[in-house]
Amino acid sequence: MASVKAAILGFGTVGQGIYNIVHERREHFKKTLGVEVEIAKILVRDASKVREGIDQSLFTESFDDILATPDLEVVFEGIVGEEPAYGYLDKAIEKGCHVITANKVMFARYGQALQQKAKKYGVQVGYEATTAGGVPVIKTMQNLLRVNEVKHVQGILNGTSNYILTQMRAEGLPFDVALKAAQDLGYAEADPYNDISGKDAFCKLMILCALAFGEQPDWDKVEMVGIDGITAEQVAAAKEKGLRYRHVADAYRNEAGEIIAKVGPELVGPDHPLYAIDDVNNAVALDTNYIGTLTMVGPGAGMYPTASVMMEDYADMLAKPEKAVSLA
């Protein structure tokens, strides 16, 4: 049976999830994929830190050790921020490795460049985990675009902000208290800026735009408004009218051919596809020319939703080695 060697960049929530899935599902992968997946190296900040139950020799602080791994086939990236993640993946592609990422900040800016380079070197890039966590929006859109045209994308792309708005409505909490609850549950970071400002949703929307429309809008022209200005009184007044606040990422191409995109709070009614999406769930609604509106809902983050779709990306590469995942 064939054995494939993989490396993991970063061993936080996502990296640990990938490692656990590979080991827990080893026999399953042998049966379904016909290969044995081996984690050969893991890049971390502190390789001396003892991680119980894991061979200490797997860990390294040097990316050169990753590149020097014999017969390395795939690199899973779970680092935060644009750099050094982009530089690492760029070099991994040059080595002839497939790369799979969950890094939406990096991929929003550099995804198209990575895709172009991957085509040159005959490898593939998986990025399902960058957008909407466990919701298979990327693969679904790729399939739709074979026949359909996606005319409009709307989504709740940040589970933290959606949880806060849900708590403000359902429990009558003020924003600060709802945010603290999200932090206590691990939904929001100690510094929640990316979530509550709309930056996280913005990056995901740019990734969806590149796929749906073949290009991204001018970032400077995209309106981005957070949820921190919404008061408990406003939420209560909307509730009385049967309306709900949702933090919506929205993009479409106008008649002049320009992509119009924005991220911000909206009041939606029961007829809106995002009305029923509560708590930490994400949702994406795609308006198409033949199917109509298709709405996908699921968990937006977490160890296993994110790690599992990264493994699914690799399974897809194994099943269809001739098919490269493309943004263009």
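For clarity, every value in this text was computed on a predicted model and none was experimentally measured.
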Which heavy atom of Pro265 sits nearest a heavy atom of Ile230, and at what distance? CB-CD1, 3.6 Å

Side chain to side chain contact (heavy atoms under 4.5 Å, CB included) assessment of Gln167 paired with Val235: CA-CA 10 Å; Gln167 291 300 299; Val235 172; over 6 Å; no

Indicate yes or no for a side-chain donor-acceptor contact from Gln124 to the backbone of His98 under 3.5 Å, with no hydrogens or angles considered. no

Before giving the answer on side chain to side chain contact (heavy atoms under 4.5 Å, CB included), spell out for Met106 and Tyr127 the whole-Å C-alpha distance, their side-chain angles and the decisive distance to 0.1 Å. CA-CA 11 Å; Met106 178 279 295; Tyr127 62 101; over 6 Å; no

Mind checking whether Val225 and Leu165 sit in one hydrophobic cluster, side chains of I, L, V, M, F, W, Y counted as touching below 4.5 Å? no

Inter-residue atom distance Leu208.CG - Cys203.SG, 0.5 Å rounding: 11.5 Å

Partners of Arg26 by side-chain hydrogen bond (donor to acceptor under 3.5 Å, both in side chains), sequence neighbours excluded? His23, Glu36

Are the side chains of Leu243 and Lys239 in contact, using a 4.5 Å heavy-atom criterion? no

Parallel, tilted or perpendicular: ring planes of Phe11 versus Tyr19, cut at 30 and 60 degrees: perpendicular

Exercise: identify the closest heavy-atom pair between Lys5 and Pro70: CD-O, 3.2 Å

Between the side chain of Glu77 and the main-chain N/O of Ile79, is any donor-acceptor distance below 3.5 Å? yes

Given 3.5 Å as the limit, does a donor-acceptor pair link the side chain of Gln234 with the main chain of Ala238, or not? no

Going only through I, L, V, M, F, W and Y residues with side-chain contacts under 4.5 Å, is there a path from Phe63 to Tyr86? yes

Of Glu258, His152, Glu215, which is the lone residue that meets side chain to side chain donor-acceptor pair (under 3.5 Å) with Arg253? Glu215

What one should report as the nearest heavy-atom pair of Leu144 and Leu286 is CD1-CD1, 3.7 Å

Any salt bridge between Lys117 and Glu94, counting N to O under 4.0 Å? yes

Looking only at heavy atoms, the pair that brings Lys204 and Asn158 closest together is NZ-CA, 4.5 Å

Verify the neighbour count for atom NZ of Lys95: are there more than 12 heavy atoms of other residues, nucleotides or ligands below 6.0 Å? yes

Once you round to the nearest 0.5 Å, how far does CZ of Phe202 lie from OG of Ser197? 10.5 Å

Shortest non-hydrogen contact from Val135 to Met296? CG1-CB, 3.5 Å

Asn103 (side chain) donor-acceptor with Gly81 (main chain) under 3.5 angstrom: yes

So, using side-chain hydrogen bond (donor to acceptor under 3.5 Å, both in side chains) as the criterion, who are the partners of Glu27 when residues are at least two apart? Lys30

Measure the spacing between CD1 of Ile259 and SG of Cys209 and express it to the nearest 0.5 Å. 5.5 Å

Side chains of Thr130 and Thr101 in contact at under 4.5 Å (non-hydrogen atoms): yes

Report the residues that fulfil side-chain hydrogen bond (donor to acceptor under 3.5 Å, both in side chains) with Gln216, sequence neighbours left out, ordered by chain and then residue number. Trp219

Expected output: side-chain Thr160 to main-chain Tyr187 donor-acceptor under 3.5 Å: yes

Judged by atom type as modelled, is there a donor-acceptor pair below 3.5 Å linking the side chain of Asn162 to the main-chain atoms of His247? no

Just so I know, are the side chains of Ile66 and Leu9 near enough to count as touching, which here means a heavy-atom distance under 4.5 Å? yes

Any link between Val280 and Val309 through a network of hydrophobic side chains (Ile, Leu, Val, Met, Phe, Trp, Tyr) touching at under 4.5 Å? no

Hey, does Ile18 have a side-chain heavy atom less than 4.5 Å from the side chain of Met311? yes

Looking at Glu128 and Glu312, would you say the former's side chain and the latter's main chain have a donor-acceptor pair under 3.5 Å? no

Pair Lys41 + Asp65: basic N to acidic O under 4.0 Å: no

Any donor-acceptor N/O pair, Asn148 side chain to Val150 backbone, under 3.5 Å: no

Taking C-beta and beyond as the side chain, do Val222 and Pro217 meet within less than 4.5 Å on heavy atoms? yes

Are there more than 12 heavy atoms of other residues, nucleotides or ligands under 6.0 Å from atom CD of Glu240? no

Would you check if Asp271 and Tyr275 make a side-chain contact, meaning some heavy-atom pair closer than 4.5 Å? no

Are Lys49 and Glu61 ion-paired here, with the side-chain N under 4.0 Å from a carboxylate O? no

Phe59 ring centre to Arg51 NZ or CZ under 6.0 Å, with the angle to the axis within 45°? yes

Scanning both residues in full, the closest heavy-atom pair of Ala92 with Val75 reads CB-CG2, 4.0 Å

Return yes if some donor-acceptor pair links the side-chain N/O of Gln56 with the main-chain N/O of Ala47 below 3.5 Å, else return no. yes

So, do Ile156 and Val297 sit near enough that their side-chain heavy atoms are less than 4.5 Å apart? no

Quick one, Lys139 with Asp316, criterion salt bridge (Lys or Arg N to Asp or Glu O under 4.0 Å). Give me CA distance, side-chain angles, the key distance, then yes/no. CA-CA 10 Å; Lys139 288 184 178 66; Asp316 191 53; 5.5 Å; no

Before giving the answer on side chain to side chain contact (heavy atoms under 4.5 Å, CB included), spell out for Thr166 and Tyr245 the whole-Å C-alpha distance, their side-chain angles and the decisive distance to 0.1 Å. CA-CA 8 Å; Thr166 300; Tyr245 276 99; over 6 Å; no

Does the Asp90 side chain pair with the main chain of Leu114, one donor and one acceptor, at a distance under 3.5 Å? no

Below 4.0 angstrom, N of the basic side chain to O of the carboxylate: do Lys180 and Asp176 qualify? no

Is Asp278 salt-bridged to Arg246, cutoff N-O under 4.0 Å? yes

Please indicate whether Tyr121 has more than 12 foreign heavy atoms, meaning atoms of other residues, nucleotides or ligands, lying under 6.0 Å from its OH. yes

